[in-house]
A.B. asks: 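The structure that follows is given in the form of structure tokens.
Keep in mind it's a predicted model, so treat the numbers as computed, not measured. Counting convention: from 1, in listed order, for ligands and their atoms alike.
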Amino acid sequence: MAEPTFRAPKGTRDILPPESGRRRALIDAFAVQAGLGGFGEVMSPIFEDLGVFKRLGESTDVVTKEMFDFFDKGDPPQHLALRPELTASICRAYAEHRPVPPWKIWYEGPQFRYEQPQAGRYRQFSQVGVETLGADDPQADIDVIALAWRFYESLGLRQVSLLLNSLGDPSCRPAYMDALRNHLESSAAALTDQSRVTLERNPLRVLDSKRPEDQPVIDAAPLMVDYLSDDTAEHFAAVRAGLDALEIPYQISPRLVRGLDYYTRTTFEFAADALATAQNAVGGGGRYDGLVEDLGGPATPGIGFALGVDRILLACDAEDVFPGPVPTVKIFVVDVTGGSHALGVCNELRDAGIGADRSYGGRSMKAQMKVADRSGAPFAAIIGEDEVAAGEVTLRDLRGDTGQRRIPLDSLAYEVSQLLTK
Ligand code: HAM
């Protein structure tokens, strides 16, 4: 095959059928779980004012290195960015529309981060997620985590681990940050150059470093859980008790800081243990009790998560679960009289709610049967001159062993629907 003139940009992919159908089914499965939990869908813009995303943290990679930003053609031009995630957009929408709290919403769609692509890491990727705004009750945290857990289970995934931490709040974080900064500064000589730069901007982000040279210093760093105020410690205990009551297993992960700056109190991540790649985080989330206010809205607590659709599908492959939906075409109409009979037959079948397809270009019986096979349809309706003269079709079983038989054309839809319910 000749080299194509254009390819999809680096870090992006075309999702073709049947994989696209599997992805759609995954999003539908998520919509079902979100609906069961009382969440309504929000569809927000794919780009926002860059300022919305700056709130993710001036020292985060997402803001400093990975933003797809651009100026529009306005006068003066507005500095916009493709969304790297949806929590900030949802908080912006909350501040703009002031819905009655608690506001429980879910979303799905593409996100954009200018990252170095690798297995499970893309520049355009999809997330599904939920956010609950206006509830600081730990019960809301448990509900949200349980929803993600139930969703993974509904797909058939069994090898997902929940990692849990508390990042404290403005009442106790400063004391921890002082302790962390002191520790990192006193060990700065043992840190990499990159981590020394990060330390200047935000000591917490140093804990994100995956560089092996930084690990001894990180391992010896003080832990946020040892600095929690009574209030945040109580909140964290209530979340753990709720997860225990629901028998959702978790590991406390005291160094889990997440890659975005808005988190307070509960933070969590889901790791797919079946994925051998470095990118095995199939979801993450937590509380962000200051974000709405930061975006100009009223003081509003929030908790939510986003799950990476691309990585979840990789995890499903690794666990050999969630094969995706069965083909929608149930019957392939093979018309060897030129093709015009297939038109009416297909339309009648579709009117009856039965997926039907055909081929074009008046091809031979053999060629059309090949396409019928590829379509995944369990049945074929064959129309030749004989059948037309008799007002009949030949109904052939393509998957089972019931062979073929001639039936009246006007009973085709009924016969097929009977066979499909067997
Ligand atoms: P996040 O951890 O940045 O959190 O992303 C959530 C999930 O999106 C990750 O666990 C991963 O599965 C997927 N993901 C992230 N980046 C990529 C990428 N480059 N390629 C493929 N998948 C990726 C958030 O986005 C927060 N908004 C989550 C949240 C919601 N927190 C509170 N509410």
A.B. asks: Using the benzene-type ring in the case of Trp, are the ring centres of Phe70 and Phe68 under 6.0 Å apart?
C.D. replies: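 So the answer is no for these two rings.
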A.B. asks: What protein heavy atom is closest to atom 19 (N) of ligand 1, reported as residue, atom name and distance in Å?
C.D. replies: Glu115 OE2, 2.5 Å
A.B. asks: Between Asp28 and Arg23, does any side-chain N to carboxylate O distance fall below 4.0 Å?
C.D. replies: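 Salt bridge between Asp28 and Arg23, a charged N being under 4.0 Å from a carboxylate O: no.
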A.B. asks: Who's closest to atom 21 (C) of ligand 1 heavy-atom-wise, of Gly308, Pro117, Gly120?
C.D. replies: Gly120
A.B. asks: Look only at interatomic distance and state if Tyr122 has a nitrogen or oxygen under 3.5 Å from any nitrogen or oxygen of ligand 1.
C.D. replies: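 Yes, there is a polar N/O contact under 3.5 Å.
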A.B. asks: Give the C-alpha distance, both sets of side-chain angles, the deciding distance and a yes or no for side chain to side chain contact (heavy atoms under 4.5 Å, CB included) between Arg55 and Arg92.
C.D. replies: CA-CA 11 Å; Arg55 305 307 200 279; Arg92 192 269 308 140; over 6 Å; no
A.B. asks: At what distance is the nearest protein heavy atom to atom 1 (P) of ligand 1, and which residue and atom is it?
C.D. replies: Arg258 NH2, 3.6 Å
A.B. asks: What part of Asp310 sits under 4.0 Å from ligand 1 if we count only heavy atoms: the side chain, the backbone, both or neither?
C.D. replies: neither
A.B. asks: Ligand 1 versus Arg121, non-hydrogen atoms closer than 4.0 Å: side chain, backbone, both, neither?
C.D. replies: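 Looking at Arg121 and ligand 1, atoms from backbone and side chain both fall under 4.0 Å.
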A.B. asks: By number and element, which atoms of ligand 1 are closer than 4.0 Å to a non-hydrogen atom of Tyr288?
C.D. replies: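 Counting atoms of ligand 1 from 1, those under 4.0 Å from Tyr288 are 32 (C), 33 (N).
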A.B. asks: Using every non-hydrogen atom in the two residues, find where Val333 and Gln368 come nearest and quote the distance to one decimal.
C.D. replies: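 Answer, listing the atom of Val333 first, then Gln368: O-OE1, 4.2 Å.
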A.B. asks: Considering non-hydrogen atoms only, spot the tightest contact between His235 and Asp136 and give its length.
C.D. replies: CE1-O, 3.1 Å
A.B. asks: Between Gly302, Gly304, Ala281, flag the one that comes closest to atom 32 (C) of ligand 1 by a heavy atom.
C.D. replies: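 The option holding the nearest heavy atom is Gly304.
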A.B. asks: Which atoms of ligand 1 have any heavy atom of Ala306 under 4.0 Å away?
C.D. replies: 6 (C), 7 (C), 28 (C), 29 (C), 30 (C)
A.B. asks: Determine whether the side chain, the backbone, both or neither of Gln127 has a heavy atom under 4.0 Å from any heavy atom of ligand 1.
C.D. replies: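 The answer is the side chain of Gln127.
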A.B. asks: Out of Gly259, Gly284, Ser89, indicate the one that has the non-hydrogen atom closest to atom 28 (C) of ligand 1.
C.D. replies: Gly284
A.B. asks: At under 4.0 Å between heavy atoms, which part of Glu131 makes contact with ligand 1: side chain, backbone, both or neither?
C.D. replies: side chain
A.B. asks: Quick one: does Gly286 get a heavy atom under 4.0 Å from ligand 1?
C.D. replies: yes
A.B. asks: For atom 14 (N) of ligand 1, what's the nearest protein heavy atom and its distance?
C.D. replies: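 That would be Phe125 CE1, 3.5 Å.
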A.B. asks: Between Arg258 and Glu269, is there a salt bridge with N-O shorter than 4.0 Å?
C.D. replies: yes
A.B. asks: Could you check whether atom OH of Tyr250 has more than 12 heavy atoms from other residues, nucleotides or ligands sitting under 6.0 Å from it?
C.D. replies: yes
A.B. asks: Out of curiosity, is Leu260 lining ligand 1, as in a heavy atom under 4.0 Å away?
C.D. replies: yes
A.B. asks: Under 4.0 Å, heavy atoms only, figure out whether ligand 1 is touched by the backbone of Ile303, its side chain, both or neither.
C.D. replies: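 Neither; no heavy atom under 4.0 Å.
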A.B. asks: Which part of Tyr262 is near ligand 1, with near meaning a heavy atom under 4.0 Å away: side chain, backbone, both or neither?
C.D. replies: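 Just the side chain.
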A.B. asks: Is the closest basic N to carboxylate O distance between Glu19 and Arg22 below 4.0 Å?
C.D. replies: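 Salt bridge: yes.
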A.B. asks: Which atoms from ligand 1 have a heavy atom of Thr87 less than 4.0 Å away?
C.D. replies: 26 (C), 27 (N), 29 (C), 30 (C), 31 (N), 32 (C), 33 (N)
A.B. asks: Between Tyr263 and ligand 1, which residue portion shows a heavy-atom distance shorter than 4.0 Å: side chain, backbone, both, or neither?
C.D. replies: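 Looking at Tyr263 and ligand 1, just side chain atoms fall under 4.0 Å.
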A.B. asks: With a heavy-atom distance limit of 4.0 Å, tell me whether Phe305 approaches ligand 1 through its side chain, its backbone, both, or neither.
C.D. replies: backbone
A.B. asks: Salt-bridge test for Asp61 and Arg205: reply yes if a basic N is under 4.0 Å from a carboxylate O, no otherwise.
C.D. replies: no
A.B. asks: Below 4.0 angstrom, N of the basic side chain to O of the carboxylate: do Asp231 and Arg265 qualify?
C.D. replies: yes
A.B. asks: Any Lys/Arg nitrogen of Asp310 or Arg121 sitting under 4.0 Å from an Asp/Glu carboxylate oxygen of the other?
C.D. replies: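 Here Asp310 does not pair with Arg121 in a salt bridge, since their nearest N and O are not under 4.0 Å apart.
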A.B. asks: So, Gln251 and Ser253: side-chain donor and acceptor under 3.5 Å apart, yes or no?
C.D. replies: no
A.B. asks: For the pair Asp178 and Arg181, find out whether any cationic side-chain nitrogen is under 4.0 Å from an anionic carboxylate oxygen.
C.D. replies: yes
A.B. asks: Contact between Gly283 and ligand 1, counting heavy atoms under 4.0 Å?
C.D. replies: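 In this structure, Gly283 qualifies as a contact of ligand 1 - some heavy atom is under 4.0 Å.
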A.B. asks: Among all protein non-hydrogen atoms, which one is nearest to atom 27 (N) of ligand 1, and what is the separation to 0.1 Å?
C.D. replies: Glu85 OE1, 2.5 Å
A.B. asks: Determine, for Asp141 against Arg287, whether the closest basic-nitrogen to carboxylate-oxygen distance falls under 4.0 angstrom.
C.D. replies: yes
A.B. asks: Can you list the ligand 1 atoms lying under 4.0 Å from a non-hydrogen atom of Val282?
C.D. replies: 10 (O), 12 (O)
